[in-house]
Amino acid sequence: MRADPEKLNSETFDVAIVGGGITGAMVAWEASLRGLSVVLLERGDFASGATGTGTRLIHGGFGQWHPRQVQTVRLALQERQYWLFAAPHLVQPLPVLLFPGNRLKHIVHRAAMALHDRMDSESGLPPGRTASPDEIVKALPFAQRRPGGALLRHEASVAFPERLVIAALQGAVARNARVANHVQVAGIQAGKEGLELRFRDRIANCAGKCRARAVVNASGAWADLLATPEDKDGGLSRIARMYLVTPQLSRGFAVANLPAPHQHFVVPWQGHSLIGAATRILAGDPDDAEVDESQIRDLLKDTNQAFPGLNLERENVLHAQASIQAPASASFAGIEVPEIRSHPSVKIISLAGGHLTMARRTAQEIVDRLSDLPSQSIATALPGGNREEPS
């Protein structure tokens, strides 16, 4: 699937995408479905950034939301349904236990769940309800009786989001897109025939360039480090969200405590549990970000407080990793809506933030700025996702 970067030198594309995470891959998929010629360049492995280091949840939102944000939640529910339709071999329903914290919050969140269910009439997922004490203990051996009890709703998850990225890229390549990983884009210059991208093939250790009529900068937390001819408003702020892998803690359920801003998750993953997320502001080069012991201890302490009875110790941590992200311009209940900035004079679209759930929708909005043809992605399964064809 990897295009030979040397063969890109003589080509001009409708759109060049910098960044091979879920957003960049879905932009490639969306643009190729509309017949645009596409090249995508990723400096590392595909999905090696924030895409592969999150909770792996695809969800329509947790908790209470403001009436003005109904449309955002509606879109998230629609996008969750898209993933269940487009990639049923990769995305599976997942029951989630939510701990509101007290009786009043339980009532409020139960009402919010009922409204969610009314907005989510086509997913086929079971409606939300109150979980019984027996269900809680059966799902969570560590659980203690807590004020407000627990709510049960169904969301979705993908064990390996990297495979979603590969599926989207395979679909784009099948429509003549060119994609290459381990290709570092050094900068973008405006030229007579469009925008010129200078790059270095990190495998062959050689330089090259290609041209495009438009560029989508989807490099996430690294977006402001790419040299471009557009005016910049200043560097991105960055955050590091930490995740821990432990032995299995829950039996087939994800768990979340609802009170914001200190929301914690315990998500089942490959016979283990994934715990997150402590968030800290990140200064300096995102490539230099590391997880240290004090951060691990702090997350363990916060998680034990969020879930009484868990009693995790340092020796329970099998792996720790940080997900480096640029905060979205808006977020609600874990659904992040990226800021998309266009620079018409040089045809560059840059975006910050983003979320696995909303990646297709973000890609649609980006390609809407590049093509007058209607989007087809919402009704098109990813490669391997058509139940009537062998995957």
Side-chain angles (χ1 to χ4, degrees), residues 14-34 36 38 40 42 46-47 49-61 69 71-87 91 156 158 161-162 164-165 167-169 171-172 177 179 214-224 226 236 323-343 347-371 373-380 382:
D14 291 324
V15 57
I17 303 161
V18 182
I22 188 62
T23 301
M26 292 306 291
V27 172
W29 167 242
E30 178 77 33
S32 66
L33 283 172
R34 302 198 206 185
L36 299 180
V38 175
L40 180 147
E42 160 60 44
F46 298 126
T51 296
T53 54
T55 62
R56 294 160 170 80
L57 291 173
I58 295 177
H59 61 85
Q69 294 166 316
Q71 183 60 18
T72 299
V73 175
R74 190 186 304 276
L75 288 175
L77 291 169
Q78 175 181 307
E79 295 308 309
R80 184 188 65 185
Q81 176 61 17
Y82 164 76
W83 290 113
L84 288 166
F85 149 75
V91 178
V158 52
E162 301 89 342
L164 284 180
V165 170
L169 294 178
V179 305
V215 172
V216 175
N217 181 1
S219 51
W222 288 261
D224 64 328
L226 179 62
L236 290 174
S323 179
I324 312 304
Q325 303 174 21
S329 60
S331 65
F332 176 70
I335 306 167
E336 298 181 342
V337 182
E339 177 184 8
I340 302 174
R341 297 184 298 174
S342 295
H343 306 275
K347 296 183 180 178
I348 294 178
I349 298 175
S350 300
L351 61 152
H355 191 272
L356 182 62
T357 304
M358 300 295 287
R360 190 215 63 85
R361 179 72 187 192
T362 300
Q364 177 182 320
E365 293 181 1
I366 290 172
V367 181
D368 280 346
R369 305 184 185 202
L370 306 176
S371 173
L373 295 176
S375 175
Q376 302 177 43
S377 58
I378 192 69
T380 307
L382 291 173

Report task. Could I get the full list of salt bridge (charged side-chain N to carboxylate O under 4.0 Å, His left out) partners for Arg80, not counting sequence neighbours? Result -> Asp120, Glu155
Report summary line: Separation between CZ (Phe46) and CG (Leu164), nearest 0.5 Å, reads 15.0 Å
Query raised in the report: Do side-chain atoms of Ser350 reach the backbone of Asn217 as a donor and acceptor pair under 3.5 angstrom?
Result: no
Query - For Val165 against Ala47, the heavy-atom pair lying closest together - result: CG2-CB, 3.8 Å
Query raised in the report: Which atoms form the tightest heavy-atom contact between Pro161 and Gly52, and what is the distance?
Result: CG-CA, 4.2 Å
Query raised in the report: Is there side-chain contact between Met358 and Leu75, with heavy atoms separated by less than 4.5 Å?
Result: yes
Report summary line: Between the NE2 atom in His59 and the CG atom in Leu356, the distance rounded to the nearest 0.5 Å is 9.0 Å
Report task. Determine yes or no for a side-chain-to-main-chain donor-acceptor pair under 3.5 angstrom, with Thr51 supplying the side chain and Ile22 the backbone. Result -> yes
Query - Shortest non-hydrogen contact between Ala28 and Ala172, atoms and distance - result: O-CB, 3.7 Å
Query raised in the report: Counting N and O atoms only, with roles assigned by atom type, does the side chain of Ser371 sit under 3.5 Å from a partner on the main chain of Asp368, one being a donor and the other an acceptor?
Result: no
Query raised in the report: Within the side chain of Gln376, is there an N or O that forms a donor-acceptor pair under 3.5 Å with the backbone of Leu33?
Result: yes
Report task. Taking only Lys NZ, Arg NE, NH1 and NH2, and the carboxylate oxygens of Asp or Glu, determine whether Arg369 and Glu365 approach each other closer than 4.0 Å. Result -> no
Requested in this report: For the residue pair Val38 and Asp14, establish whether any side-chain heavy-atom pair is separated by less than 4.5 Å.
Outcome: no
Requested in this report: Might you work through the side-chain contact (heavy atoms from CB on, under 4.5 Å) test for Val27 and Thr362, ending with a clear yes or no?
Outcome: CA-CA 8 Å; Val27 172; Thr362 300; over 6 Å; no
Query raised in the report: In Å and rounded to the nearest 0.5 Å, what is the CD to CD1 distance from Glu79 to Ile378?
Result: 5.0 Å
Query raised in the report: So do Leu382 and Trp83 actually touch side chain to side chain, heavy atoms under 4.5 Å?
Result: yes
**Report entry** Atom pair NE2/CD1 of His355 and Ile58 - distance to nearest 0.5 Å
**Finding:** 9.0 Å
Query raised in the report: Of all heavy-atom pairs between Ala31 and Val15, which one has the smallest distance, and what is that distance?
Result: CB-CG1, 4.1 Å
Report task. Can you measure from CG (Leu36) to CG (Leu370) and round to the nearest 0.5 angstrom? Result -> 7.0 Å
Requested in this report: Of all the heavy-atom pairs spanning Ala218 and Ile17, show the shortest one and how long it is.
Outcome: CB-CG2, 4.4 Å
Query raised in the report: Distance only, no hydrogens: is a donor on one side chain within 3.5 Å (strictly under) of an acceptor on the other, for Arg360 and Gln364?
Result: yes
Report task. Could you tell me which non-hydrogen atom of Arg34 sits nearest to which non-hydrogen atom of Ser375, and how far apart they are? Result -> NH2-CB, 3.4 Å
Report summary line: By side chain to side chain donor-acceptor pair (under 3.5 Å), Thr53 pairs with (sequence neighbours left out) Ser323
Query raised in the report: To the nearest 0.5 Å, how far apart are CD1 in Ile366 and CZ in Arg361?
Result: 12.0 Å
